[in-house]
Structure formats: C-alpha cells, structure tokens
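Taking it in order: structure first as structure tokens, then the write-up.
Scope of the values below: all heavy atoms of this structure, side chains included, with no hydrogens, waters or symmetry mates.
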Amino acid sequence: MEKERGSFSLFGKQMERKKTKSQVKLVKLKDAINLIDQHVNLLGIVLDRKEPKLCRNNAWICTLRIIDDSYERPGLTVNVFSNKREELPNHDGMILFLNIKMKCYGGGNRVNAACNKGVSSFALFKRRTDKEFICYQRTSNFPGEERYKSSMDELAKLFPTSCSLDQNLEFLFLREIKEGKPFNLLCKILLHVVNEEEDMSTIFVWDGTDAPPASIGFKDKSAVSNLSVLSRDTLRSFPTVGSILRLSLSNHLLYGVKPGGWVKLYQLLCVVDKGSWVASVTDSTTVTLAHDDHLVEKIMRIYDKRITSKFGHIPFWCFPSPPGFTGTDDDQAPFVTLRDIITFPKVTYKYRCIVRVVSAFRSQEEDENRHYRVLLTLEDPTATLEAFLCDKDAEYFFGLGLQNTEMLRKKWNQLLGITRESSVSLATRNPPWIECCIFSYYTNKADPWNTRLYKIFGTRLLDLEAV
C-alpha cells in the first residue's frame, strides 16, 4: 500500500511538472487554432488593430489580428477585454499573450482568441537594437518575458520591419523641450504618488538641467509651480539644482518603476499653462526602465560637474550672469536656487539668487507712516517663491522712481516683461532675469517655520538708460 502511495505521489509530481511546462510553452498560431477551449501562450506580430469599442457590459474591447511564421494569412483574431480603455493594446509591433483562451464561433468554422485580464496578460514590444527589446506596454499581471527571449529573437528576424522601433530614439534634456513637440526623456523618478481609486500615478522627474523659461500670458497673474503641492520636508529630499517635471499617467505604464530609479519616457508632450511647463502623456507614451544605461552615467557626470562649479546654481538661461537690470550690495555671496532657499535648514538667513519677477501685487497703505508694500512672485528653474518688497527696501530698489509715477510704471513693466507690443496685442511676456538678495524671517517666534516669510533687500534697479 505504501508502495502504491509512493507511485501515485511520483506520478502526481510528474503530471505537475508537465502541466507547468505546458503553461509556459509557446504555441504556434497554426497549432493554436486547433486547441479550442484551451488556454495557450502566443507570440505574434500585430498586423491590424481596430479602435476600442465599449461593450454592453461596460467593458472595453480591442480587436487585433496577429500573425507568425506558421500562420501569416489570414492571421488570428484576438479580442482583448478590459474595464479601462487605456489598458487595451495601443501599439503595433510584437505581442506576447499568456494564458489566453481559444474559442470557436460561426458554427465552429471560425476561430479566435480571448484575452481577459482576470486570467490572461499581454505585453507589447519593439526592437531597438539587435539585442534589446523595449516593452511599450504590459498588463499589471504580466509576469515577464525572460523565458521567451529566444523565441522573440527568432520572430524578430523573420519580421524585422514590423518589430523595429519606428519612433525617434533621441532623448532630450529638460532644457531642450519645446511646447507642443513630442519628445523622449531619460530621467530619475524623485517621487511616485499612487492614486489607487483612479488607477493613476503622479511622478516627479528630474535630469539635472533647467527647463526653458516659460512665456507668461499677459493676463496671467502668477505662475503655478509644479512643486506647489509638495511639503518642504518632501522638497528637502530633492536635488536643489535642476527643474522637476510633474506628470500624471496610468498605473499600468509604470510597471516595475520605483522612486529613485531611472526611466525612459517615450513620446511625452509639454505645454505652457499659466507660466509653467505642464507635461502630459500621448497615445504613444511608454515607460521603460533604464538600468545601467550609459546615458545615465553621462547625465550624472554633467550634473556633478555643474554643482561643483562656482556658477552651478545660476540658471542655465542667463549663464554666466543676468543682463544687468539690477545690482546687489553683496556681490561676493554665492548664488543659490529658490529650492535652496525653501529647503534651507535655518529659518532666518540671507541669500543671493537670480530670478524672474513673474507677478506683482501692489498695495499702498495710506497712513501717517505711508507704508509701501508689494508682494512679488519670483521664479527660477527650480521653484517659485513669494517675497515682499517693502518700505525702505522698496525705496532703495526703485530709487527716485518711487515718487515718479511714470518712471515707476516703466520700471514695473521692465521687471514684468511688459512691452508696448505685448500690452497692445495681449500676447505673452518674458520677464528678464535679475539678481537679488533675499532675507527669510518669521513673524511668530513660537511657530517660526509656519510663519516663515521672505523679503527682498539690498537690491537696486539700475537706470533704464544704463541697460
């Protein structure tokens, strides 16, 4: 009896091994069409892809026609189902289906396959070089393609045109982005915030360079920073030099992505909204990991060289110095970025930086002391910051122009980038870069950090004729 139990046990293990092997084995399309009602793994080339449609049960369906070397015509129809449209296949190329079910219809004369996320998964690939495949898209339950690499190589040799990467492979720095023009970005994930309810993520990415200064609409009162939603404690973990781009995208695009990792973002789009760069995904956006990529080493070498330089904290767009609209009393103090100021460990301190004045809210309190108080929104490639310009500091800043209404108006227009042409046409404006000194202070000694404010001091606007 014990011997029989041992025989049955051995037989069971053998069957389990056979089952496991069959579960991972790839089936040629010609053979798959005869395996009705069975789950199979298929590798093919997307020959045709129809626009997704909404079914009666509120599920989305995308119909593909795929081929391989065994079944090039007419190809196999695969219906991919999902509760979310963005999770359906959105690219052509090579596709790997795991555990999809073969079905027949039309009286048994026609065969197709069904891919349901609950039990099935897929991934889409293109080939970048002779050795590297880029995964454009995958379902969240896709286990990986490592064991199928040799089959992928063979199929790519047979269909080289269909598998080759047809989009531009050039990666841009953030300092090279242009409004409305798709681009690829190699960058570091500084922060990854997941919204499970909406199945979306917000990532904050960085490559150590300064995004171009954005044009500001004539009616825009203030620029909105990408980082305004983040706390000071979070910002302290970020580099203080280089722009940070905020991007929202579907969770399935970020499979395997972790904070601190480097990724390649393909086919992003940037636009300027209220004076700030806003990144968005396109239908062709994909995300791949960038482990051990030589370009990462290159980016870090450039960044390390920058931050060790005397001018490393100066915005790239006014290097090595601003055009000379202002002068400061302390011209020997090192320059810092606005993110340096925001994250500085002391509440009270003095700084020197190069910024743009993107907006100003003026108020003149008429009392016996006749106070003058202006709230300026300052901007550099790293952050925005509100700083006051008050009383004696304002008098020093504007000089005699503070009493001359017409001269004061001209100086404000100069600071805010308002020209006669822009004011007439209500076009965009481009404020100039200025050098200024900033002092951080608190208004409540019992709660210094939550009452921390900033003001401009020791800075003077030079005569219009001098610049």
Are [X] and [Y] within salt-bridge range, i.e. N to O under 4.0 Å?
| X | Y | value |
| --- | --- | --- |
| Lys181 | Glu176 | no |
| Arg460 | Asp329 | yes |
| Arg373 | Asp391 | no |
| Glu395 | Lys392 | no |
| Asp380 | Arg356 | no |

Do [X] and [Y] have a side chain donor and acceptor closer than 3.5 Å?
| X | Y | answer |
| --- | --- | --- |
| Asp447 | Asn444 | no |
| Asp210 | Ser243 | no |
| Ser201 | Asn251 | yes |
| Ser215 | Asn430 | yes |
| Tyr442 | Thr348 | no |
| Asp233 | Ser231 | no |
| Thr337 | Asp340 | yes |

Between [atom1] of [X] and [atom2] of [Y], what distance do you get to the nearest 0.5 Å?
| X | Y | atom1 | atom2 | value |
| --- | --- | --- | --- | --- |
| Asp92 | Lys126 | CG | NZ | 6.0 Å |
| Thr209 | Ile299 | OG1 | CD1 | 8.0 Å |
| Ile244 | Phe204 | CD1 | CZ | 8.5 Å |
| Leu227 | Thr382 | CG | OG1 | 8.0 Å |
| Lys258 | Leu289 | NZ | CG | 9.5 Å |

Mind checking whether [X] and [Y] have side chains closer than 4.5 Å, heavy atoms only?
| X | Y | result |
| --- | --- | --- |
| His192 | Leu254 | yes |
| Val296 | Leu186 | yes |
| Phe122 | Pro89 | yes |
| Leu462 | Thr326 | no |
| Trp262 | Ile189 | no |
| Cys270 | Leu245 | yes |
| Ile66 | Ile95 | yes |
| Ile341 | Ile438 | yes |

So, do [X] and [Y] have ring centers that fall under 6.0 Å from each other?
| X | Y | answer |
| --- | --- | --- |
| Tyr441 | Phe388 | no |
| Phe398 | Trp412 | yes |
| Phe183 | Phe171 | no |

Check the pair Tyr396, Phe457 against ring pair (Phe, Tyr, Trp, His ring centres under 6.0 Å), reporting the backbone distance first and the verdict last. CA-CA 8 Å; Tyr396 185 69; Phe457 77 100; 9.7 Å; no
Minimum heavy-atom distance [X]-[Y], with the two atoms named:
| X | Y | answer |
| --- | --- | --- |
| Trp277 | Pro212 | NE1-O, 2.7 Å |
| Thr343 | Arg339 | OG1-O, 2.7 Å |
| Gln414 | Phe325 | NE2-CD2, 3.1 Å |
| Tyr454 | Ile342 | OH-CA, 4.0 Å |
| Val272 | Ala214 | CG1-CB, 3.7 Å |
| Ile354 | Cys318 | CG2-SG, 3.4 Å |

Taking [X] for its side chain and [Y] for its backbone only, find out whether a donor-acceptor pair lies under 3.5 Å.
| X | Y | answer |
| --- | --- | --- |
| Arg138 | Ser121 | no |
| Arg236 | Pro345 | no |
| Thr459 | Cys436 | no |
| Thr377 | Val358 | no |
| Thr285 | Gln267 | yes |
| Asp207 | Leu174 | yes |
| Trp433 | Pro315 | no |
| Ser120 | Asn99 | yes |
| Ser440 | Tyr349 | yes |
| Glu435 | Gly327 | no |

Verdict with reasoning, Met94 to Met152, per side-chain contact (heavy atoms from CB on, under 4.5 Å): CA-CA 8 Å; Met94 181 185 295; Met152 292 168 64; 3.8 Å; yes
For atom [atom1] of [X], is the number of surrounding heavy atoms from other residues, nucleotides or ligands below 6.0 Å larger than 12?
| X | atom1 | answer |
| --- | --- | --- |
| Arg232 | CZ | yes |
| Lys350 | NZ | no |
| Asp304 | CG | yes |

Begin from the C-alpha positions of Leu415 and Ile434 and carry the test side-chain contact (heavy atoms from CB on, under 4.5 Å) through to its verdict. CA-CA 8 Å; Leu415 270 180; Ile434 65 166; 4.1 Å; yes
Would you check, one step at a time, whether the test side-chain hydrogen bond (donor to acceptor under 3.5 Å, both in side chains) holds for Thr63 with Asn79? CA-CA 5 Å; Thr63 300; Asn79 293 317; 2.9 Å; yes
Evaluation steps, salt bridge (charged side-chain N to carboxylate O under 4.0 Å, His left out), between Asp330 and Arg352: CA-CA 8 Å; Asp330 191 357; Arg352 186 166 70 122; 5.8 Å; no
I'd like to know whether Glu87 forms a side-chain contact (heavy atoms from CB on, under 4.5 Å) with Lys117, so could you lay out the CA-CA distance, the side-chain angles of the two residues, the decisive distance to 0.1 Å, and finally the verdict. CA-CA 9 Å; Glu87 293 181 350; Lys117 186 178 178 182; 3.4 Å; yes
Answer yes or no on whether Arg175 is positioned over the face of Phe316, meaning its NZ or CZ is under 6.0 Å from the six-membered ring centre and within 45° of the axis.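 Because its charged atom sits under 6.0 Å from the ring centre and within 45° of the axis, Arg175 does stack over Phe316.
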Output, in order, the C-alpha distance, side-chain angles, deciding distance and verdict of side-chain contact (heavy atoms from CB on, under 4.5 Å) for Leu191 and Trp206. CA-CA 10 Å; Leu191 183 65; Trp206 167 93; over 6 Å; no
Taking it one step at a time, do Arg85 and Glu51 satisfy salt bridge (charged side-chain N to carboxylate O under 4.0 Å, His left out)? CA-CA 10 Å; Arg85 176 171 178 162; Glu51 280 297 308; 3.2 Å; yes
